[in-house]
Amino acid sequence: MRNCEYQQIDPRTLTVTPSTAQNQTEKKSQPVRRKWEVFPGKNRFFCDGRIMLARQSGVLPLTLGLIVVTCGLFFAFDCPFLVHHLTVFIPVIAAVLFVFVTISLLWTSFTDPGILPRATPDEAADIEKQIDTSGSSTYRPPPRTKEILINQQVVKLKYCFTCKMFRPPRTSHCSLCDNCVERFDHHCPWVGNCVGKRNYRFFYSFIISLSFLTSFIFGCVITHITLRSQAGKSLVQSIQESPASVVELVICFFSIWSILGLSGFHTYLVASNLTTNEDIKGSWSGKRGAEDSGNPYSYNNIITNCCATLCGPMPPSLIDRRGFVPPDEAVPAASASEIELPLFTAKNDAHRCTQSTKDVLERMVHSSDIPGLCPHGAPKTTPLGLEVPSLPAPSMEPSPSALCSQQHAHQPAPLPCTQFSRSREKDSVQSINPAFRLALPSPSLSRTSLILGDTPDIGFVLRP
Amino acid sequence: MKPTNNILRHSASLANKVFIQRDYSEGTTCKFQTKFPIELESRIERTLFEDTVKTLNNFYAEAEKIGGQSYLEGCLACTTAYLIFLCIETRYEKVLKKIANYIQEQNEKIYAPRGLVITDPIERGMRVIEISIYEDRGSCGSSSGSSSVSGSTAR
């Protein structure tokens, strides 16, 4: 038997029945799509999935524009004078800062902030089963939470009705992007993206370097006007000679307050290993009593906290934007589209994302003995949450959408971001187990408890 | 719903899936629970399962270790305006490749002969280790199914 060797199985060499032949031709005609094309969250993708943004990224061009315009005016109108009178390093420093600011901004905006992919139907069903069998649900179940111990401190994990999973600690669901984001800090409209685990360091670099840039430009422009005034001219005259400097002054003056404040705030957060979300909600502020105080994630050392947050290893993106959607999956309406249904599609997959597991299945399939078939039959009714008592109205968590205190009259560069940390829990569960419903688009719902494949006739038989 | 379709596609049918959840007792670092699931009791030895999960946990701990190398990587990245992430493979990505190879090896050597397949956690958003349990649908029981597997692999 050569099948046990690790070789790709050519479907054409298998015994073909008319129905499978039909299916094969159907599959060949289906276009192959990348996962970003079927991503359920509210994000926009560019460059074939390499770059991603939130859906509402309207203010990002403004942010970029302000930075570019301010620096452009500086280079054009102030630098010649300053180079002549002071030193050539002024535009050099400004250029370096400008490049750093722009690149950090682009990294922050275009990087996946740490989005968690939604739970597969199987996972969701498993979680539902655990919730039901654990007895924690009463006739009118409360908002689903799970308590765990982190470093001897009790932390509550909330169930996300959109993503169908218990959110890991420090994860929050961004309602603007409709994604759960790990280590969610806030959604920043100025950068047009959420700030989370993967792009927090870029965001921090951005605001720190922007603080330096605005301070530097502000200082240089003041110096410029002062030097002009000292050469025997009045202040008004100096300003008239260089009107662009006034524009820069105004922009920088207003932005310095906000950017410096924001930098200071985030430096405090980094040093205490907190997120904006946690700080605003007062999760670890000790208000609830002495027992609850103390951040369980903090290393209790400022330097370690800073290094862990900013210099820690760069985690990978979990959403695999550029992977291919296995082409022969039935894609239910909501969340299963980006899910890679494993293993059933082994033989007919043209594009394998899980090469290894599918190869293994191939070998298993071909090496096992297949004389006849057990009738595909007795759908064993299983206690997999088929009948979930109808859930009540969604339990809305109070949604703190915090606005940073500083107002921005002029919009210089990104300011106190209006920080949306609403975790609004939508109850998408109707009277039937939603995972069950999502996973079973076909009418043969009653036959199976776990649907894992593309066709409705797949099920499983639980032997007693 | 013809049985023949099932023969050709899935002679080993998926019976169940077990999800090994994350263990958050030490924080948000990636670590999975080593509690042995009841569904696997008849399929695989406890020690083998625990070894697999512990090795995976060690891999993830190595990837997320905050120490000299990660600081160096972070500082270097910062000085290059993080453009270095476009060029080099980070340590985390290297460890993920090691993990993928390890899981494949475990599947081939230990789990597939027992009718189980482990899915790499990265494909499930690092939330769970998904173990698929297969029932052999042949007239022989699962034990003879696995013996035919081992027989064929011996060739």
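These numbers come from the heavy atoms of this one structure, side chains and all, not from hydrogens, waters or symmetry mates. Order of the sequence lines sets the chain letters (A, B, ...), proteins ahead of strands, with each chain counted from 1.
The environment of CD in B:E89 is crowded: more than 12 heavy-atom neighbours from other residues, nucleotides or ligands sit within 6.0 Å. Within 6.0 Å of CG on B:L86 lie more than 12 heavy atoms contributed by other residues, nucleotides or ligands. Environment of OH in A:Y299: sparse, with no more than 12 heavy atoms of neighbouring residues, nucleotides or ligands closer than 6.0 Å.
Contacts between A:R183 and chain B at a heavy-atom distance below 4.5 Å are absent for every atom of the residue. Using a 4.5 Å cut-off between heavy atoms, B:T90 touches chain A through its side chain atoms alone. With a threshold of 4.5 angstrom between heavy atoms, B:A77 does not approach chain A through any atom at all. Proximity to chain B is limited to the side chain of A:I148, based on heavy atoms less than 4.5 angstrom apart. In this structure, chain B has a heavy atom under 4.5 Å from the side chain of A:L157, while its backbone stays farther away. If you measure heavy-atom distances from B:E39 to chain A, the contacts under 4.5 Å come from the side chain alone.
When all heavy atoms are compared, the tightest approach of B:A81 to A:W107 is O-NE1, 3.1 Å. Scanning both residues, B:G125 and A:L318, for their nearest heavy atoms gives O-CD1, 3.5 Å.
The side-chain contact (heavy atoms from CB on, under 4.5 Å) check on A:S205 picks up A:F100, A:S104, B:Y82, with sequence neighbours excluded. For B:F19, there are no ring-ring contact (aromatic ring centres under 6.0 Å, His included) partners, not counting sequence neighbours.
Taking OH of B:Y24 as the start and CZ of A:F166 as the end, the distance is 11.5 Å to the nearest 0.5 Å. Between atom OG1 of residue B:T119 and atom CG of residue A:D122 there is a gap of 9.5 Å, rounded to the nearest 0.5 Å.
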Only distances under 3.5 Å count here; give the side-chain donor-acceptor pairs of residues 28-37 of chain B to other protein atoms, sequence neighbours excluded, each with its distance to 0.1 Å.
unit_1, atom_1, unit_2, atom_2, d
B:K31, NZ, B:E26, OE2, 3.1
B:Q33, NE2, B:R22, O, 3.4

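Annotation: side chain of B:Q21 is in contact with side chain of A:D126 (closest heavy-atom distance under 4.5 Å). No side-chain heavy atom of B:V128 sits under 4.5 Å from any side-chain heavy atom of A:M165.
Looking at B:R127, its side chain never comes within 3.5 Å of a backbone N or O of A:P168 through a donor-acceptor pair.
Using non-hydrogen atoms only and a strict 4.5 Å limit, the part of residues 65-74 of chain B facing chain A consists of B:K65, B:I66, B:S70, B:Y71, B:G74.
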